[in-house]
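The structure appears right after this line, and notes come after that.
Convention: sequence-line order gives letters A, B, ...; per-chain numbering from 1. Reckoned from all heavy atoms, side chains included, excluding hydrogens, waters and symmetry mates.
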Amino acid sequence: MSLVARHLEANKIPTVIAGSAKDIVEHCGVPRFLFSDFPLGNSAGKPRDLVSQERTLELAFQLLESSFAPRTTVQSPEIWSPSHEWKLDFQNVDRIPAEEIKRRRLEFDKIKEIGQQVRDETLNTDAN
Amino acid sequence: MRHSRPMDKSQVTNKPNTLIDSEDRILESVPYMQRLKDYYLALGYGNPYQWASYSEVPFATLTKPLSESKIGLITTAAPYKEGAGDQGPRAPYNAAAKFYKVYSGNTDQVDFLGISHVGYDRKYSTAEDINSFFPLEALKRAERQGRVGQLSARYYGAPTNRSQATTIKQDCADLLDLLRQDDVDVVILVPN
């Protein structure tokens with residue numbers, strides 16, 4: 001998505017990314033980034049929380065209107081929950097038992113195989 | 001010559017490299033690049049993913065007020081795919097639900113969009129409310145309130161390819177074409 005935002009801006013279309021993977025987006029370098037410090041999957045606001053969703057969108061609008069230079073990041077003031085365990089848990093190898101790591105390796109090999117099949121099917125459809 | 005001062009112990013936390021506030025909340029964001037690198041190395045995969053990085057960043061300024069602009073929404077969410085298994089809330093990671101081509105849909109009629117094909121946080125998040133990852137309803141309200149001039153008749157789907165070359169050569173060009181067809185002035189991108 002960062003690459004898409006960059007391409008659109010280079011073609012004169014202003015963009016704002018609303019997302020949660022701050023390091024990845026900023027590492028790439030994008031014009032405007034509204035950062036919600038939430039678990040991945042909630043870039044548009046908290047689930048079942050209309051106020052949070054509207055606030056998030058409004059912040060994105062304000063960022064579009066007020067930014068004057070690229071790499072402008074605004075952090076939403078919203079907090080996901082009183083506990084920040086989610087930050088320590090996500091894909092953290094220090095918190096995953098060895099047996100579980102082995103299981104996930106097998107699972108991920110299958111996932112990659114399926115992904116490749118879907119990709120091949122798409123390319124074959126295009127070729128026909 | 002500079003002299004080091006004795007450290008004020010009251011400011012030192014017992015969590016090295018972690019900023020916490022007075023309520024013991026972690027202030028730093030999750031270091032996803034490091035986590036994912038460590039994760040896949042632990043699983044036994046070599047050759048860690050190289051995240052895109054640029055020194056130059058393009059920047060386009062608004063040419064008119066938002067209240068007079070047409071806004072487009074780009075999502076990484078996927079439409080329902082027949083025969084591809086569970087794609088709804090709480091679905092396990094589902095590679096069969098992935099898509100590899102840019103698509104568009106009608107903003108007046110969105111029956112289903114899912115994120116089972118991406119690595120969102122499944123422990124703390126369920127994807128049960130589409131509005132938490134696809135802000136269509138909030139955008140429609142903004143349109144009704146006149147905060148934005150108009151919502152584009154279509155929303156646009158961006159594949160989550162691992163290949164940056166494909167994203168740049170194919171997907172970026174396809175998305176730009178669609179946005180130009182629809183005369184979109186400004187875009188919000190919501191990755192998951």
Between [X] and chain A, which part of the residue has a heavy atom less than 4.5 Å away: side chain, backbone, both or neither?
| X | result |
| --- | --- |
| B:I168 | side chain |
| B:V118 | neither |
| B:L36 | side chain |
| B:I71 | side chain |
| B:L41 | neither |
| B:S29 | both |
| B:D171 | neither |
| B:T75 | backbone |
| B:R180 | side chain |
| B:A42 | both |

Where on [X] is there a heavy atom nearer than 4.5 Å to chain B: the side chain, the backbone, both, or neither?
| X | value |
| --- | --- |
| A:I13 | both |
| A:D109 | both |
| A:V25 | neither |
| A:A60 | side chain |
| A:D37 | side chain |
| A:E85 | both |
| A:E100 | neither |

Please find the pair of heavy atoms, one from B:L176 and one from A:H7, that lie closest to each other, and give the distance.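 Shortest heavy-atom separation between B:L176 and A:H7 comes out as CD2-NE2, 3.7 Å.
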With chain A as the partner, which of [options] has the greatest number of non-hydrogen pairs under 4.5 Å?
| options | answer |
| --- | --- |
| B:E128, B:R141, B:E137 | B:R141 |
| B:A97, B:P159, B:A96, B:S69 | B:A96 |
| B:Y54, B:W51, B:F59, B:Y40 | B:F59 |
| B:Y32, B:Y120, B:F133 | B:Y32 |
| B:A60, B:S132, B:S125 | B:S132 |

Yes or no on salt bridge (Lys or Arg N to Asp or Glu O under 4.0 Å) for B:E68 and B:K64, after CA distance, side-chain angles and deciding distance? CA-CA 7 Å; B:E68 296 169 19; B:K64 50 186 168 182; over 6 Å; no
Does A:K12 NZ have over 12 foreign heavy atoms under 6.0 Å away? no
Contact leader toward chain B among [options], where contacts are heavy-atom pairs under 4.5 Å:
| options | value |
| --- | --- |
| A:K102, A:K46, A:R32 | A:R32 |
| A:A98, A:A5, A:A69 | A:A69 |
| A:K87, A:E107, A:K110, A:Q117 | A:K87 |
| A:P82, A:G29, A:A18 | A:A18 |
| A:D94, A:L50, A:L34, A:I24 | A:I24 |
| A:G41, A:S52, A:G45, A:S83 | A:G41 |

Assert yes or no for the condition that the ring centre distance of B:F134 to B:Y155 is strictly below 6.0 Å.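 So the answer is yes for these two rings.
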Ring centers of B:H117, B:Y93 separated by less than 6.0 Å: no
CA sep, side-chain torsions, deciding dist, call: A:E65, B:R147, salt bridge (Lys or Arg N to Asp or Glu O under 4.0 Å): CA-CA 12 Å; A:E65 291 171 324; B:R147 182 70 176 91; 2.8 Å; yes
Report yes or no: is the cationic atom of A:R105 (NZ for Lys, CZ for Arg) closer than 6.0 Å to the six-membered ring centre of B:Y45, at no more than 45° off its axis? yes
Determine the interplanar angle of the A:F35 and A:F33 rings, folded into 0 to 90°, and report it as parallel if under 30°, tilted if 30 to 60°, perpendicular if over 60°. tilted
Test item: A:S20 side-chain N/O and A:S36 main-chain N/O as donor-acceptor pair under 3.5 Å: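 Confirmed, A:S20 side chain pairs with A:S36 backbone.
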Checking the side chain of B:Y80 only, and the main-chain atoms of B:D111 only, is there a donor and an acceptor separated by less than 3.5 Å?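 Answer holds: no.
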